[in-house]
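Counting starts at 1 for both ligands and their atoms, in listed order. The structure presented is a predicted model; accordingly, all values stated were derived computationally and were not measured.
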Amino acid sequence: MKRTMTTADNMTKTIAIIGGGPAGLAAAEILSKTQHAVTVYDAMPTIGRKFLLAGKSGLNLTHAEPYDTFASRFGAANDRLRPALDAFSPKDVRRWAEGLGVETFVGSSGRVFPKAMKASPLLRAWRQRLETRGVTIQTRWRWVGFSDSANDHDLVFETPEGIRTIASHATVLALGGASWPRLGSDARWVPMLEAQGIAVAPFRPANCGFDVAWSEEFAARFAGAPVKSVVATSQDGRTQDGRTQDGRTQDGRTQGEFVITRHGIEGSLVYAHSAALRDRLEAEGQADFVLDLLPGRSLEALTSALEMAPRKASFSNRLRKAARIDGAKLALLREVIRNADRLPANDLASVLKMLPIPLVRPRPIEEAISSAGGISSGAIDPSGMLRHMPGVFVAGEMVDWEAPTGGYLLTACFATGRHAASGLLRWMSGAD
Ligand SMILES: Cc1cc2nc3c(=O)[nH]c(=O)nc-3n(C[C@H](O)[C@H](O)[C@H](O)COP(=O)(O)OP(=O)(O)OC[C@H]3O[C@@H](n4cnc5c(N)ncnc54)[C@H](O)[C@@H]3O)c2cc1C
């Protein structure tokens with residue numbers, strides 16, 4: 001086994017950042033302003049693969065809602081993430097992107113995107129900035145653990161040239177969560193940290209679709225069909241906590257759309273409710289995605305329209321004429337409420353206003369946009385350092401927090417990467 005020592009004088013220390021995603025690169029950016037020798041290691045042939053994939057759907061960088069609302073989107077982690085977000089807020093994200101030559105705009109839902117609606121120009125400019133400032137980017141280096149040597153911070157990598165051990169004065173781990181493992185974030189680091197006594201909460205899908213036990217006929221005919229302009233509520237009829245953000249109606253419920261898939265349901269409206277639905281499935285073994293198919297009509301108005309529809313008309317004609325329900329919405333109603341055509345007008349109106357789609361399970365984590373779980377908050381001090389491992393800092397989605405879609409994930413990854421790097425500098429200077 002070959003051990004690589006980087007030359008470093010008293011002033012210049014060697015810093016390893018493992019993981020070249022948004023969190024790792026954000027840490028590198030802070031550290032690149034110092035005299036230290038900074039290297040970003042990544043297991044993949046190229047950095048930022050998940051960031052580039054996020055760009056395929058427009059790259060929602062952050063959100064323009066009032067900052068206090070923004071900072072309340074992280075559930076149990078709100079307080080913990082707040083200092084990092086305060087230091088790199090959504091406004092800072094926009095200024096930073098613009099500093100890299102990427103102009104942003106606020107979409108109708110308040111979500112912020114680059115004007116080019118993609119990630120590659122931003123990643124290219126970011127990488128160039130880091131390399132110009134002397135950061136080394138070392139790809140195809142997979143971190144496989146800490147060495148058994150006396151030096152706590154020796155890091156062992158599998159590289160194309162064999163096993164290498166690197167002596168690092170301080171390290172930022174930014175290895176990502178567990179979704180889309182083929183892009184690099186495969187969570188193979190979990191046993192390595194657990195072996196060091198670090199508590200890691202099990203990874204679970206977040207911002208995910210769900211399986212529904214569709215009939216064969218329904219799945220074959222409607223897989224791929226969008227269901228638009230509906231409102232999702234929780235089982236008891238209230239919108240699920242502050243996790244929703246798009247298309248809020250005046251009473252706080254969430255209007256949006258989703259897609260019927262071969263296996264179940266996917267799409268932004270489902271993701272907005274997915275954490276609560278996943279938690280309820282885990283806790284109670286069952287959960288319904290409850291839909292108002294006609295958010296613009298009151299229950300009373302709908303009931304009287306259905307009562308007035310000609311008795312002789314077929315069920316589908318009655319629904320089309322009285323409620324403008326047809327296509328995928330009509331099929332969904334029939335799939336979920338098998339005797340819908342025999343219901344009296346008031347009951348039919350009720351199910352149109354609160355259609356409960358029974359969920360079986362979340363889709364696998366490999367397909368989820370993000371993951372919940374990761375390094376437990378108790379294992380990390382306020383500066384982002386592992387309490388059991390002085391000099392080792394953690395950031396990004398590998399830490400146990402979750403957030404809905406809406407730019408919250410990327411903003412928190414940037415912010416925690418920068419926060420960990422600042423904590424590392426204070427620690428190295430002996431200030432912490
Ligand atoms: C389809 C999709 C769309 C998304 N769209 C958005 C969006 O629009 N807005 C938003 O806010 N968020 C979005 N996200 C989420 C966002 O991309 C992630 O939250 C973010 O990339 C996480 O950043 P990270 O740096 O923590 O981890 P990652 O981006 O996962 O980076 C981790 C890096 O660590 C490397 N690594 C892992 N293990 C090792 C190892 N042992 N040794 C060396 N390197 C290792 C990986 O190769 C990877 O490069 C999207 C995600 C997906 C899947």
Side-chain angles (χ1 to χ4, degrees), residues 16-28 39-63 70 73-74 90 93 107 109 111-114 117-119 122-123 137-146 155-159 164 166 171-193 203 205-209 245 266 268 271 365-372 374-375 394-418 420:
I17 297 169
I18 314 182
L25 298 180
T39 305
V40 176
Y41 298 93
D42 201 291
M44 300 300 279
T46 52
I47 57 170
R49 291 192 166 203
K50 196 178 273 188
F51 188 62
L52 289 173
L53 180 72
K56 294 245 151 82
S57 48
L59 195 70
N60 182 191
L61 279 171
T62 191
H63 204 290
F70 180 93
R73 301 292 190 192
F74 302 87
V93 172
S109 61
R111 294 177 181 220
V112 175
F113 299 91
M117 296 292 279
K118 54 184 181 178
L122 185 57
L123 184 61
I137 295 180
Q138 186 76 69
T139 54
R140 296 180 202 271
W141 277 47
R142 169 174 291 281
W143 176 62
V144 291
F146 299 99
L155 303 162
V156 183
F157 291 88
E158 273 171 15
T159 80
R164 293 280 183 277
I166 298 294
T171 299
V172 178
L173 299 178
L175 302 164
S179 79
W180 284 76
R182 63 195 166 86
L183 301 180
S185 54
D186 56 15
R188 275 158 65 182
W189 51 268
V190 171
M192 297 190 257
L193 289 189
F203 277 113
N207 295 302
C208 56
Q245 67 281 162
E266 284 282 343
S268 56
Y271 304 153
I365 199 163
E366 289 75 14
E367 297 174 13
I369 289 196
S370 60
S371 50
I375 301 175
V394 293
E397 218 184 295
M398 73 182 301
V399 175
D400 185 12
W401 54 268
E402 66 174 312
T405 60
Y408 307 103
L409 296 161
L410 281 174
T411 301
C413 288
F414 299 140
T416 56
R418 296 171 71 96

What do you reckon, does [X] put a non-hydrogen atom under 4.0 Å from ligand 1?
X	result
Ile47	no
Arg49	no
Met44	yes
Phe157	no
Ser370	no

Output yes when the distance from some N or O of ligand 1 to some N or O of [X] is under 3.5 Å, and no in every other case.
X	answer
Gly396	no
Asp186	no
Leu410	yes
Ser179	no
Thr411	no
Pro22	yes
Trp143	yes

With heavy atoms under 4.0 Å as the rule, classify the contact between [X] and ligand 1 as side chain, backbone, both or neither.
X	answer
Leu25	neither
Leu53	side chain
Cys413	side chain

Considering only protein heavy atoms, which is closest to [atom], and at what distance to one decimal place?
atom	value
atom 43 (C) of ligand 1	Ala43 N, 3.2 Å
atom 18 (C) of ligand 1	Glu397 OE1, 3.1 Å
atom 6 (C) of ligand 1	Ala54 CB, 3.6 Å

